[in-house]
Chemist: 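Right, I'll just put the structure down here and ask away after.
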Amino acid sequence: MSEVISTALEENRTFTPPTTHAASIPNMDAYHALCKRFADDFDSTWRDLANEHLEWRKPFTRTLNRENAPFFRWFEDGSLNLSENCLDRHVRAGLGERTAILWEGEAGEVRKISYAALLADVCRAANSMRQLGVEAGDRVVIYMPMIPEAAIAMLACTRIGAVHSVVFGAFSPQALRDRIEDAGAKLVVTADGGSRRGSIYPLKSNVDLALSEGCRSITHVLVVAHAGNKTETIAGRDIDWHQALRVQASTCEPLAVESEQPLFILYTSGSTGKPKGILHSTAGYLLWARLTMLWSFDFKPQQDVFWCTADIGWITGHTYTLYGPLCCGGTTLMYEGVPTYPDAGRVWKICEAHKVSILYTAPTAIRALKKAGDAWPEKYDLSSLRVLGTVGEPINPEAWIWYHQVIGKQRCPIVDTWWQTETGGHMIAPLPFATPTKPGSATFPLPGIDIAVVDKHGKTIRDGGGLLVIKQPWPSMLRGIWNDNQRYIDTYWRTFNNRYYFAGDGARIDREGYCWIMGRVDDVLNVSGHRLGTMEIESALASHTSVAEAAVVGRPDEIKGEAICAFVVLKRADSENLTLPLRAHVTQAIGAIAKPDDIHFVESLPKTRSGKIMRRLLRDIAAGREITQDISTLEDQAVIRQLQKQP
Ligand code: WT7
């Protein structure tokens, strides 16, 4: 853990929310009352919510088992099926004709899939997976563009109790292979390609490359023909999705699984080299996906069109493009393509065309759209919007104000939601029709969530910077790291002696109790809302034959939040410029999202006498700031002079 950023955001403007009596949580009194219910009786409040909001096959009798903490178990003796909660129950309630997924492709094509049709497709896919030998507990890797089939494949896994692991389509074959191997997946579901900025990016051929070495656990690859991209078919292994589904029955009995049945693994970056497989389980995750839809977005399934712009390859796409809206029985919009394609009006055009009422996106997108100019949103009718969400990184007040004024016309509350892959759903967020907001603050913890800002000994800090912790378990918390219990304890629990969950973020709680997230305190970067481990990029660089050593740090970037800045020591002073080859090398190892923005070639890296790279010093140099770190422990003082000469 490195130092906590102590620069306090000074932003005191407060925005009172519009009121609506029909909101899920309509005012601060209702919020405080719900918080008090949790404080007075934590377990039975969760019990009541779980009974009210989920449909159980076998009711649970035990709400929370803390015996083997930090391996908490929620609702453990109950059973249910996730796809039944997201599909069958709405069809049974007479909502079969309501649009579940509203899809728009980059070229403008539109598909509307009703709950009844989605259920039938999910059943066909589930039957097909079963026929390919997938059983409950088996892992299925999904490597797909943002198309309805990605959602169908995920839901099909849940129907038969299989565990999905979605790998974001921009990850390289090598990164895909690492994830398939770590998960020990049996099946890969992919597509021939996806659309991006008017061209097609390969998926199936990346799968072929990934499977060309290792990946012995894979028996089949299901391939969705989507982009008209010709790919090789390996007989006996590759199966055409549409052909396979066509012959299957449109019904499939949902398998009742225990609450704690693993639901999915999602790989994310940590501060050490290897990405970790964050494991989520069924009931608790789904409960929180649903509650946060209702609480933080005031989602009204009968009227709202909800658009979360995140790709299904990230947790935001899991919880808020898919499971949250569907568990509530509402309409979720899925867009396959780039938000600024063919022009910077695309997002607003989609909002107008489909009457989007809740928009949920990342600060990086807001900043990019703001930069494109107000003329773009002004061309479109945005009057359907009623709630605007943001997630992924701290939002700067200027971007917040723009979102509020230019997009929301001061009508729409801004919900800045703080959470993580590990938390499964929102932890800190305003209630749109109750909480007075301050630009840049995620405001207060949601009811049931017990957070604090503490010093490194775990002592609560009031009105100052410290480390963000969660003091009580919550239903959608990660259940572990796939295949690595020790790392789960070491990463999240050891810092505070198994008492608190340590999030890895610095934060400050101001005098009025507002929470201000100040960013990661570990070696994790947040680039355009994507989480990347510096060590992962460093090992990718170091695997190049010419590189002796590399250090990667973040540098502030106006649009992306952070840019990737690498300091590289070569094995021998090369006359050849290695910037491009090294960027290509990282793209190959991880994916284009991890490509360094700047590469500085240096003679050596600044290290302490004990051999630790002085990252804060590198961050200052990367940002062109004055050096704030005490450099008296620097082994070789000459390094500084050389580094400062860097452009
Ligand atoms: C990290 C988690 C969970 C959604 C997408 C990212 C940062 C997330 C906010 C916010 C400030 C935020 C934190 C967190 N973060 N939301 N509203 N304000 N920072 O998920 O990839 O697991 O990254 O994103 O640093 O730890 P993730």
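The basis for the numbers below is simple: all heavy atoms, side chains too, and nothing from hydrogens, waters or symmetry mates. In listed order, ligands and their atoms are each counted from 1.
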Chemist: Can you list, by chain and residue number, every protein residue with a non-hydrogen atom closer than 4.0 Å to ligand 1?
Modeler: I315, T316, V391, G392, E393, P394, D416, T417, W418, W419, Q420, T421, D505, I517, R520, N526, R531
Chemist: Taking R411 for its side chain and L385 for its backbone only, find out whether a donor-acceptor pair lies under 3.5 Å.
Modeler: yes
Chemist: Among residues at least two apart in sequence or on other chains, which ones pass side-chain hydrogen bond (donor to acceptor under 3.5 Å, both in side chains) with H164?
Modeler: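 For H164 the side-chain hydrogen bond (donor to acceptor under 3.5 Å, both in side chains) partners, ignoring immediate neighbours, are Y323.
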Chemist: Looking at F72, is R479 sitting on its ring face, NZ or CZ under 6.0 Å from the six-membered ring centre and within 45 degrees of the normal?
Modeler: no
Chemist: Where do D298 and R386 land on the salt bridge (Lys or Arg N to Asp or Glu O under 4.0 Å) test, with the steps shown first?
Modeler: CA-CA 10 Å; D298 187 44; R386 64 179 199 98; 3.3 Å; yes
Chemist: Given D597 and R555, is the salt bridge (Lys or Arg N to Asp or Glu O under 4.0 Å) satisfied, shown in steps?
Modeler: CA-CA 9 Å; D597 295 276; R555 146 174 85 65; 5.4 Å; no
Chemist: Would you say the ring centers of W482 and F264 fall short of 6.0 Å from each other?
Modeler: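 No, too far apart.
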